[in-house]
Amino acid sequence: MSDGALTKADLAEKLYHELGLNKREAKELVELFFEEIRHALESNEPVKLSGFGNFDLRDKSQRPGRNPKTGEEIPISARRVVTFRPGQKLKARVEAYAGTESQ
Amino acid sequence: MTKSELIEYIAEKQDHLPVKDIELAVKLILEHMSDVLATGGRIEIRGFGSFSLHYRAPRMGRNPKTGATVELPGKHVPHFKPGKEMRDRVNESLKS
């Protein structure tokens, strides 16, 4: 990988090189991978990928908010959000990364 | 949904690859994503979200058993920020 962020195209490239899938199959598989995870989450079903992490859902109730520009009070509506909890293995690997503290 | 269910659902959505290949592909995708994060990289999947590292500064902690203070070194933790399509689709499910 170069200095940019990893994208779906990079993942498809990886499948093409390492598994010998053709480019169309590789691209489709990467699409399906993320689409199936999104589909589970929008069906309110958490996703548990052992070794990597869990995507969980949390329901937040309405709370008071403010327009930061005008100071006007506007309620922030109730919503459902996705949270990611990294698994032990990923956490341990990332913890060992001793690079700069930017990002 | 677990990893094996994810593999199964992907297999049902397409008809040319054997399940074994899909299993290898799913594992490779997750492994590669982990490798990128473990070397300080970022992941950006449009419509899904982005993964990056957040830095946690060193701090003093305590051994809960002995009460002794211990210096905890700084570390990085993985962070996920859901993308717009993900946020909208998940939030939409609250209304149904």
Side-chain angles (χ1 to χ4, degrees), chain A residues 1 3-8 10-11 14-15 18-21 25-26 28-30 32-53 55 57 59 77-86 89-103, chain B residues 1-3 5-7 9-10 13-14 16-17 21-22 24-57 73-82 85-96:
Chain A
M1 198 188 65
D3 51 330
L6 183 86
T7 62
K8 283 191 285 196
D10 298 320
L11 287 168
K14 189 89 184 163
L15 298 183
E18 296 208 6
L19 296 183
L21 303 187
E25 289 168 339
E28 188 191 345
L29 229 141
V30 171
L32 279 171
F33 175 86
F34 290 107
E35 179 53 28
E36 286 303 314
I37 295 176
R38 227 170 6 212
H39 181 73
L41 293 170
E42 76 178 340
S43 315
N44 201 21
E45 194 191 335
V47 177
K48 299 180 189 305
L49 305 172
S50 68
F52 187 75
F55 294 92
L57 295 145
D59 287 351
S77 58
R79 60 194 62 205
R80 179 169 289 158
V81 296
V82 182
T83 59
F84 175 67
R85 285 180 55 90
K89 199 169 150 197
L90 178 62
K91 260 203 285 199
R93 290 193 63 194
V94 163
E95 215 165 287
Y97 171 67
T100 57
E101 37 187 277
S102 60
Q103 315 252 348
Chain B
M1 179 171 79
T2 61
K3 201 189 292 177
E5 285 168 334
L6 172 61
I7 292 162
Y9 299 157
I10 294 174
K13 290 275 157 62
Q14 55 83 59
H16 39 279
L17 289 173
D21 283 2
I22 292 162
L24 288 173
V26 165
K27 288 181 175 167
L28 189 62
I29 290 171
L30 290 169
E31 233 175 68
H32 192 50
M33 287 171 70
S34 299
D35 288 347
V36 165
L37 291 172
T39 50
R42 282 174 56 83
I43 303 167
E44 282 178 15
I45 308 297
R46 187 165 305 167
F48 186 86
S50 59
F51 296 85
S52 61
L53 301 189
H54 278 187
Y55 181 69
R56 297 276 179 267
K75 62 174 184 182
H76 287 91
V77 292
H79 177 76
F80 174 67
K81 185 172 184 283
E85 188 189 342
M86 173 77 101
R87 286 201 308 270
D88 290 349
R89 282 174 60 176
V90 163
N91 193 37
E92 201 55 38
S93 70
L94 189 60
K95 294 163 195 159
S96 53

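What you see is a predicted model, and the numbers here were worked out from it, not measured in a lab. Proteins come first, then strands; the chains are lettered A, B, ... in the order of their sequence lines, and each starts at number 1.
Nearest heavy atoms, Glu42(A) versus Ser93(B): O-CB, 2.9 Å.
Expressed to the nearest 0.5 Å, how far NZ of Lys95(B) lies from CZ of Arg79(A) amounts to 9.0 Å. Rounded to the nearest 0.5 Å, atoms CD (Glu5(B)) and CG (Leu49(A)) are 11.0 Å apart. Note: Ile45(B) CD1 to Leu11(A) CG = 5.5 Å, rounded to the nearest 0.5 Å. Between Lys13(B) atom NZ and Glu36(A) atom CD the span is 3.5 Å, to the nearest 0.5 Å. Remark: Asp10(A) CG to Glu44(B) CD distance equals 10.5 Å, nearest 0.5 Å. A distance of 9.5 Å separates CG in Leu6(B) from CG in Leu32(A), rounded to the nearest 0.5 Å.
In terms of heavy-atom pairs under 4.5 angstrom with chain A, the leader among Lys75(B), Met1(B), Lys81(B) is Met1(B). For the options Ser50(A), Ser43(A), Ala92(A), Ala26(A), heavy-atom pairs under 4.5 Å to chain B are most numerous at Ser50(A).
Using a 4.5 Å cut-off between heavy atoms, Pro46(A) touches chain B through its backbone atoms (N, CA, C, O) alone. Using a 4.5 Å cut-off between heavy atoms, Leu28(B) touches chain A through its side chain atoms alone. Contacts of Leu57(A) with chain B are made by side-chain atoms alone, with heavy-atom separations under 4.5 Å and no backbone atom involved.
Arg89(B) has a carboxylate O that lies under 4.0 Å from a charged side-chain N of Glu35(A), or vice versa, which qualifies the two as a salt bridge. The residues Glu85(B) and Arg38(A) are annotated as salt-bridged, a charged nitrogen and a carboxylate oxygen being separated by less than 4.0 angstrom.
Aromatic ring pairs are classed by plane angle as parallel below 30°, tilted from 30° to 60° and perpendicular above 60°; the pair Phe84(A) and Phe51(B) is perpendicular.
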